[in-house]
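On a predicted model such as this, the values are computed, not experimentally measured, just so you know. This chain uses plain numbering: 1 for the first residue, then up along the sequence.
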Amino acid sequence: MPRGGASKDSLEAAPPRLPLSVFLSSLPSLLHGYDTGVIAGALLYLVPALGLESAPGLVGLMVTACTLGAILGSCIVNSLLSSFGRIGTLRLGSWVFLTSSVLSGLSPNYWALVAARFMAGVAMGTSSATVPVYISETSPAECRGKAATVPQFMISSGILLSYAVDLAILAIFGGRWRVMLGAAVIPSIVMMIGVHTLVESPRYLASKGKTDEALENLKKIRGTEDVGQEWSDIVSGLNSGEKDTATPRASLSDLLKNPFARSRLIVMVVLQAFQQLCGINAIVYFTPLILREAGVSSILSKLVSDGNAASMLSTIVAYAPKIPALILAGKLMDRMGRKKLLTTFTPVMGLSLVTLASSFRFLPAGSKLRGALAVMSVMTYGIVFCLSLGPVPSILSSESFPGEFRSAGMAGSVAAQWTFNAAVSLMFPVMQAKLGTENVLWGFAAMCALATAFSGKFVVETKGKKLEECGAD
């Protein structure tokens, strides 16, 4: 296979069982997306129902509760991955997702809801580290980039699903927020069934000395007995790690003592920081509120008369193009490469935010042009995010560390992602109230410019390389 990238034929020639394995292992990402997006519609009714109109800090805490839980999840995931394996960790998370969904739908008050969302966040934190590692360890080099975009596709699909569910519940039940949140029980059950059908990562089993089981699982995932060369690469990579006196249980502190792994972690942490500082989750969580402020009801008045319904409908319209964009990202990941996607499309994110901010400054509130520009800007922003800072940081994080540091490196990278996610989500409603939506959007646009420059300077390309080569010094 050519080292420079995978051809169309090579992608279509992926092992026959790999697509199913990738899909099932990415189901936790669907729940991640649903729990992230469902609060957007629920906020339109939660805020007045709980008397939070004059308490933006409490609104920010409620939205950010998932993220705070995810920070905890990302802090404990390295130990879980070492003790229970990749699949054991996903199965444990499926139970947490289900429990939190039930509790969210039954929450009697504000603090009970915060606690339920915190619990969901713990599962989101563990799965956001586990899913990319599992996919990177079970996918061949020639289609690993394409496979690794599936979790981001599932996150976006989950968010879109949550928006659609919110709108449907609004139409049927009149905006009952507990029904919106409790509906997560259904995808939670689907996820639980799916992850219980998966087999453990061969690389993980080999690192534990379970070579016979590892080889059998590799054959199952590939759907063939002919895995000799790949098995040899796995064993060679493991032996190389042993020569460096590291162990498969390497902790974050062990990683920080290794100069090469530490330098890779710094780059991954900064990338994850930029992913959040460019405003993505502020946009996801608060899109209905932003579009309502932009006056989208003026351009949808002939379809719906309710302002909240108009905001939700426009949110779906603005968000839907992210799904085909992620399909395109999967095709481009192993052709253009990770670094080029970052440097090409991140600047367009900034331009979209500039356009959105300008519509607030220069166009009158309630005008159809302002509403149309707001929807188009959010739509464009989401599309190019899916081609750049959306999937790439997690893909690089799952590929860039030596095998013995992969779990710890991914955990550290994801912990940074969730920490910055929490900071942005918690502060956005406060900054919006104090500075105005327009000025906050200008700040996000500036971060996009910095992210582009950083990616061009420090990101190392992994396109077309075997996993053991990606993490080699």
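- Summarising the geometry, atom OG belonging to S101 is positioned 10.0 Å from atom CD1 belonging to I186; distances are rounded to the nearest 0.5 Å.
- Among all heavy-atom pairs drawn from C278 and M349, the shortest one is CB-CE, 3.9 Å.
- N421 places no side-chain N or O within donor-acceptor distance of the main-chain N or O of W418, the cut-off being under 3.5 Å.
- Checked by atom type and distance alone, the side chain of S156 never pairs as donor or acceptor with a backbone atom of F153 at under 3.5 Å.
- Residues W111 and L61 form a side-chain contact, since some pair of their non-hydrogen atoms from C-beta on lies under 4.5 Å apart.
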Exercise for the section: Using the side chain to side chain contact (heavy atoms under 4.5 Å, CB included) rule, take V414 and V77 through it: C-alpha gap first, then chi angles, then the decisive distance, then the call. Expected result: CA-CA 10 Å; V414 168; V77 70; over 6 Å; no
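- The shortest heavy-atom contact between S398 and R406 is O-CD, 3.6 Å.
- Within 6.0 Å of atom NZ in K339, more than 12 heavy atoms from other residues, nucleotides or ligands are found, so the atom counts as buried in its surroundings.
- For OH of Y110, the number of neighbouring non-hydrogen atoms (other residues, nucleotides, ligands) closer than 6.0 Å is greater than 12.
- Side-chain contact check for L198 versus S21: some heavy-atom pair is nearer than 4.5 Å.
- No side-chain heavy atom of E230 sits less than 4.5 Å from a side-chain heavy atom of P202.
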Practice task
Quick one: do Q272 and S397 satisfy side chain to side chain contact (heavy atoms under 4.5 Å, CB included)? Show the steps, please.
Solution key: CA-CA 9 Å; Q272 298 283 23; S397 296; 3.9 Å; yes
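- The distance from the CG atom of L389 to the SG atom of C448 is 7.0 Å, given to the nearest 0.5 Å.
- In this structure, Q275 contributes its side chain and G390 its backbone to a donor-acceptor pair below 3.5 Å.
- At least one donor-acceptor pair closer than 3.5 Å links the side chain of R117 to the backbone N or O of V63.
- For the pair L252/N78, no side-chain contact is recorded, criterion being any heavy-atom separation below 4.5 Å from C-beta on.
- Here the OG1-CZ distance, from T89 to R91, works out to 10.5 Å after rounding to the nearest 0.5 Å.
- Summarising the geometry of S188 relative to F97, their closest heavy-atom pair is OG-O, 3.7 Å, with the distance given to 0.1 Å.
- Looking at heavy atoms from C-beta onward, S388 lies out of side-chain contact with T344 at the 4.5 angstrom threshold.
- Around atom CG of N109, more than 12 heavy atoms belonging to other residues, nucleotides or ligands sit under 6.0 Å away.
- The side-chain heavy atoms of K219 and E216, taken from C-beta on, include a pair separated by under 4.5 Å.
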Exercise for the section: Output, in order, the C-alpha distance, side-chain angles, deciding distance and verdict of side chain to side chain contact (heavy atoms under 4.5 Å, CB included) for I39 and L46. Expected result: CA-CA 9 Å; I39 196 65; L46 265 171; 3.7 Å; yes
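- A donor-acceptor pair under 3.5 Å is absent between the side-chain atoms of R203 and the main chain of I234, judged by distance alone.
- Checking side-chain atoms of T149 against main-chain N and O of K146 turns up a donor-acceptor pair under 3.5 Å.
- When all heavy atoms of I135 and P151 are compared, the closest pair comes out as CD1-CG, 3.5 Å.
- Other residues, nucleotides and ligands place more than 12 heavy atoms under 6.0 Å from the CG atom of L328.
- Formation of a donor-acceptor pair under 3.5 Å by the S413 side chain with backbone atoms of G409 is not found in this model.
- Looking at T36 and M124, their side chains come closer than 4.5 Å, going by heavy atoms from C-beta outward.
- Summarising the geometry of V38 relative to D35, their closest heavy-atom pair is CG1-O, 3.9 Å, with the distance given to 0.1 Å.
- Rounding to the nearest 0.5 angstrom, the gap separating the OG atom in S127 from the CG atom in L90 is 7.0 Å.
- A distance of 13.0 Å separates CD1 of I76 from CD1 of I71, quoted to the nearest 0.5 Å.
- Formation of a donor-acceptor pair under 3.5 Å by the S82 side chain with backbone atoms of S79 is not found in this model.
- No more than 12 heavy atoms of other residues, nucleotides or ligands lie within 6.0 Å of NZ in K340, so this atom counts as exposed by the packing criterion.
- Partner of E399 under the side chain to side chain donor-acceptor pair (under 3.5 Å) criterion, out of R338, K465, R264: R338 alone.
- Relative orientation of the Y381 and F385 rings is parallel, given thresholds of 30° and 60° on the angle between their planes.
- The shortest side-chain heavy-atom distance between L181 and L113 falls under the 4.5 Å cut-off.
- In the displayed structure, F23 atom CZ is contacted under 6.0 Å by at most 12 heavy atoms of other residues, nucleotides or ligands.
- Shown here is R176, whose CZ atom has no more than 12 heavy atoms of other residues, nucleotides or ligands within 6.0 Å.
- Scanning all heavy atoms of the two residues, the minimum distance from L205 to N217 falls at CD1-ND2, 3.2 Å.
- Atom CD1 of I395 sits about 10.5 Å away from atom OG of S400, to the nearest 0.5 Å.
- In terms of modelled atom types and a separation under 3.5 Å, the side chain of H32 and the main chain of P28 share no donor-acceptor contact.
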Practice task
Apply the test side chain to side chain contact (heavy atoms under 4.5 Å, CB included) to residues M192 and H196: give CA-CA distance (whole Å), side-chain angles for both, the deciding distance (0.1 Å), then the verdict.
Solution key: CA-CA 6 Å; M192 182 177 292; H196 276 76; 4.0 Å; yes
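- Just one of T343, V270, L342 meets the side chain to side chain contact (heavy atoms under 4.5 Å, CB included) condition when paired with F454; it is V270.
- Of the candidates R144, E200, R86, R86 is the only one forming a side chain to side chain contact (heavy atoms under 4.5 Å, CB included) with E137.
- Under a 3.5 Å cut-off, the side chain of S136 and the backbone N or O of V133 do form a donor-acceptor pair.
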